[in-house]
Amino acid sequence: MNVHLLYHDRDFDPDAALPAQAETVARDLELDTLLAAMAGDDDFLRTISRAVLLAATPASVRTVRYRQQVLRDCLAHPERIRALYATVLDTLDTERRAMRFWAFGHSPTSLLHRGVELLSMLLEQIRTIRNFSKDHSQEFESEGFRTLFDRLDKELDDAYLSALEAQIETLRFKHGVLIGAQLGPGNKGANYALKELREDDNWLQRLLPLNHADEYTFRIAERDEAGHTALAELRERGIATVADALAQAGDHVLGFFKQMRSELAFYIATMNLHAALSKTGAGLCFPEPVPTEQRRLAATGLYDACLTLSTSQPAVPNDLAADDISMLIVTGANRGGKSTFLRALGIAQIMLQAGLFITAERFSANLCTRIFTHFKQTEDAAMHSGKFEEELLRMCDIVDELAPHALLLLNESFAATNEKEGSEVARQVCTALLERHIKCVFVTHLYSFAHTLHETGRADVLYLRAERLDDGERSFRVLPSAPLDTSFGKDIFERIFIENVDNSTEKVDKTPHTA
């Protein structure tokens with residue numbers, strides 16, 4: 001039995017290794033805030049959500065739309081999905097408690113008892129799942145759920161379940177076991193095999209010599225411990241193969257419930273996230289994915305999901321029209337919302353590729369083979385090299401993993417050195433990335449870099465600038481604009497002189513003094 005709620009053609013592997021740089025991406029984009037809203041105090045929900053969001057396997061448009069359909073069903077019927085998930089959890093919890101008794105037995109008899117008890121317990125839970133499917137399948141519209149319910153109905157019909165129940169009763173061997181064997185070299189027993197005990201056959205008939213002239217019986221004395229031991233060994237040999245097969249069958253059915261738990265867990269976590277964001281009054285939409293090879297990036301009312309969750313109110317939204325663009329250069333004043341805008345784009349891309357809704361009125365983007373971040377790091381006293389060298393080493397690690405059509409988010413990279421050197425390094429790195437078809441968003445204060453690239457007139461580079469809104473507060477929005485002189489010196493000058501003028505009725509000389 002397959003679940004196939006995350007992929008249309010395969011099951012999700014919750015144990016797959018996360019890709020290189022995944023931890024860095026999670027830290028830079030502050031995904032812990034998102035994961036906390038998804039999982040709450042449930043470590044399993046957190047683990048599964050993290051695995052899906054940071055998965056190494058590139059998403060496809062087919063997969064994204066497939067998950068969006070399943071998620072729409074979950075949001076339309078949250079009580080049904082939570083009840084189904086609770087049934088799966090109860091099954092696994094019951095299995096853990098019931099199987100403790102057999103945990104230390106490894107003999108064929110012990111394995112046989114474990115398999116029988118496990119299948120007997122799972123049979124009742126299978127009936128519960130199937131009844132859920134029969135009662136509610138018509139309420140669901142997604143390909144994922146309808147295929148799952150159809151599979152349950154066809155592969156676990158009444159005839160199959162009745163036959164399975166009868167087989168379980170047979171394997172309890174209430175009337176003993178019938179074992180066949182042959183004489184091997186030296187007249188030793190060989191080829192022991194469990195035989196089917198016919199319904200019209202019983203031990204009384206087998207003991208009657210008139211009916212079975214070619215068969216013989218023997219009795220073991222009650223005090224013959226060696227004889228009883230030998231007979232027990234014969235029984236163990238006879239049922240060994242059946243016990244192994246039964247154990248594998250039980251584990252296979254149990255694996256279905258474990259897989260369903262993993263895949264449903266992601267949608268349970270997503271429903272939690274939807275509820276948390278809805279409480280803030282934030283707008284949500286299902287994004288439109290396009291193939292990797294295209295260059296699409298368009299948004300209306302996009303905001304940072306993590307910031308919204310942290311402040312319990314929507315952040316300042318941004319609009320963006322960047323189709324056919326491979327690189328965005330974002331400049332502007334300090335504390336102008338550039339880093340927030342960058343995180344909003346990164347989180348939106350991750351949520352899109354995972355098949356989730358987006359914190360925006362509208363969002364569309366091409367899928368990326370991988371997502372990387374290169375953010376300015378705080379000073380670390382334990383570093384064995386200079387800060388600029390550390391930046392270059394981190395960039396080298398990213399370059400080793402880069403592939404065409406990946407997305408790289410850079411936040412004030414190469415700012416640990418002087419303006420001239422940092423701008424030249426940024427220019428060379430970004431030129432190489434564009435040649436390798438890497439999609440980039442670069443927040444920077446490097447004046448020379450931004451202006452030098454702007455002067456080339458490349459049509460695949462879009463320039464954005466943080467501009468203050470006329471809302472009576474210190475709020476900024478990122479808008480299309482040619483790069484301005486946004487060096488740290490000018491930001492400090494404007495903060496000291498211009499803001500003081502805005503807050504004072506006196507005229508102030510705005511001319512900076514020469515040190």
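Values below: all heavy atoms of this structure, side chains included; hydrogens, waters and symmetry mates excluded.
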With a 4.5 Å cut-off on side-chain heavy atoms, are Asp324 and Asp460 touching? no

If we check side chain to side chain contact (heavy atoms under 4.5 Å, CB included) with Met395, which of these qualifies: Val425, Leu410, Asp400? Leu410

What heavy-atom pair brings Ser49 and Phe266 nearest, and what distance separates the two atoms? CA-CD1, 4.3 Å

Got more than 12 heavy atoms from elsewhere within 6.0 Å of CZ, Arg27? yes

Just verifying a value: how many Å separate Leu352 CG and Ile371 CD1, rounded to the nearest 0.5 Å? 9.0 Å

Basic-acidic side-chain contact under 4.0 Å: Asp304, Arg343: yes

Check for a donor-acceptor pair, side chain of Thr280 on one end and backbone N or O of Ala276 on the other, with a separation under 3.5 Å. no

Please report the closest heavy-atom contact between Ala22 and Leu54, naming both atoms and the distance. O-CD1, 3.9 Å

Is there side-chain contact between Phe145 and Cys74, with heavy atoms separated by less than 4.5 Å? yes

Pi-cation contact, Phe149 with Arg146 (under 6.0 Å, within 45°): no

Judged by atom type as modelled, is there a donor-acceptor pair below 3.5 Å linking the side chain of Asp73 to the main-chain atoms of Ser142? yes

Leu462 to Ala322 - nearest heavy-atom pair and separation: CD2-CB, 3.8 Å

Please examine the side chains of Thr431 and Met327, heavy atoms only from C-beta on, and report whether any two atoms are closer than 4.5 Å. no

Check: Asp11 side chain, Val3 main-chain N or O, donor-acceptor pair, under 3.5 Å: yes

Distance under 6.0 Å and angle within 45° of ring axis: Arg67 vs Tyr7: yes

Would a 4.5 Å heavy-atom cut-off, applied to side chains only, mark Pro287 and Gln68 as touching? yes

Would you say that Phe375 contacts Leu29 through its side chain, given a criterion of any heavy-atom pair below 4.5 Å between the two side chains? yes

What is the distance from atom NZ of Lys439 to atom CG of Leu409, rounded to the nearest 0.5 Å? 10.0 Å

Measure from NZ or CZ of Arg261 to the centre of the six-membered ring of Phe44 and say whether it is under 6.0 Å with the direction within 45° of the ring axis. yes

Quick check against the 3.5 Å criterion: does Glu391 have a side-chain atom that pairs as donor or acceptor with the backbone of Ala416? yes

Less than 4.5 Å apart, any side-chain heavy atom of Leu5 and any of Tyr267? yes

Does Thr292 form a side chain to side chain donor-acceptor pair (under 3.5 Å) with Asn366? I'd like the steps, not just the answer. CA-CA 5 Å; Thr292 302; Asn366 63 279; over 6 Å; no

Is any side-chain heavy atom of Glu467 closer than 4.5 Å to a side-chain heavy atom of Ser481? yes

I need the minimum non-hydrogen distance between Ala298 and Arg362, along with the two atoms involved. CB-NH1, 4.0 Å

Can you check side chain to side chain donor-acceptor pair (under 3.5 Å) on Arg296 and Ser364, steps first, answer last? CA-CA 7 Å; Arg296 171 74 62 81; Ser364 180; 3.1 Å; yes

Taking atom NE2 of His405 and atom CG of Leu367, what is their separation to the nearest 0.5 Å? 12.0 Å

Does Arg72 make a cation-pi contact with Phe286 (under 6.0 Å, within 45 degrees of the axis)? yes

Of all the heavy-atom pairs spanning Ser423 and Ser448, show the shortest one and how long it is. OG-CB, 3.4 Å

State, with a plain yes or no, whether a side-chain heavy atom of His4 is found less than 4.5 Å away from one of Thr147. no

Spatial distance of atom CD1 (Ile126) from atom CZ (Phe256) [nearest 0.5 Å]: 8.0 Å

Return the CG to CD distance between Asn418 and Glu424, rounded to the nearest 0.5 Å. 11.5 Å

Is Glu263 paired with Lys258 through a side-chain N to carboxylate O contact shorter than 4.0 Å? no

If you look at every heavy atom in Val64 and Ala59, which pair is closest and at what distance? CG2-CB, 4.1 Å

Parallel, tilted or perpendicular: which one describes the rings of Phe140 and His77, with boundaries at 30° and 60°? tilted

Could you go step by step and tell me if Thr417 and Glu421 meet the side chain to side chain donor-acceptor pair (under 3.5 Å) rule? CA-CA 7 Å; Thr417 184; Glu421 185 178 43; 2.3 Å; yes

So how far is it from Gln21 CD to Asp28 CG, rounded to the nearest 0.5 Å? 9.5 Å

May I have the step-by-step check of salt bridge (charged side-chain N to carboxylate O under 4.0 Å, His left out) for Arg62 and Glu143, ending in yes or no? CA-CA 11 Å; Arg62 171 82 162 89; Glu143 179 186 352; 3.2 Å; yes

Between Asp42 and Arg46, is there a side-chain N and carboxylate O pair less than 4.0 Å apart? no

Can you tell me if Glu141 has over 12 outside heavy atoms packed within less than 6.0 Å of its CD? no

Check for me whether the distance between the ring centres of Phe414 and His374 falls short of 6.0 Å. yes

If the threshold is 4.0 Å, N to carboxylate O, is there a salt bridge linking Glu389 and Lys387? no

Check whether any side-chain N or O of Arg370 sits under 3.5 Å from a backbone N or O of Leu402 as a donor-acceptor pair, and report yes or no. no

His451/Tyr447 aromatic ring centres below 6.0 Å: yes

Would you please say whether a donor-acceptor pair under 3.5 Å links the side chains of Thr300 and Glu361? no

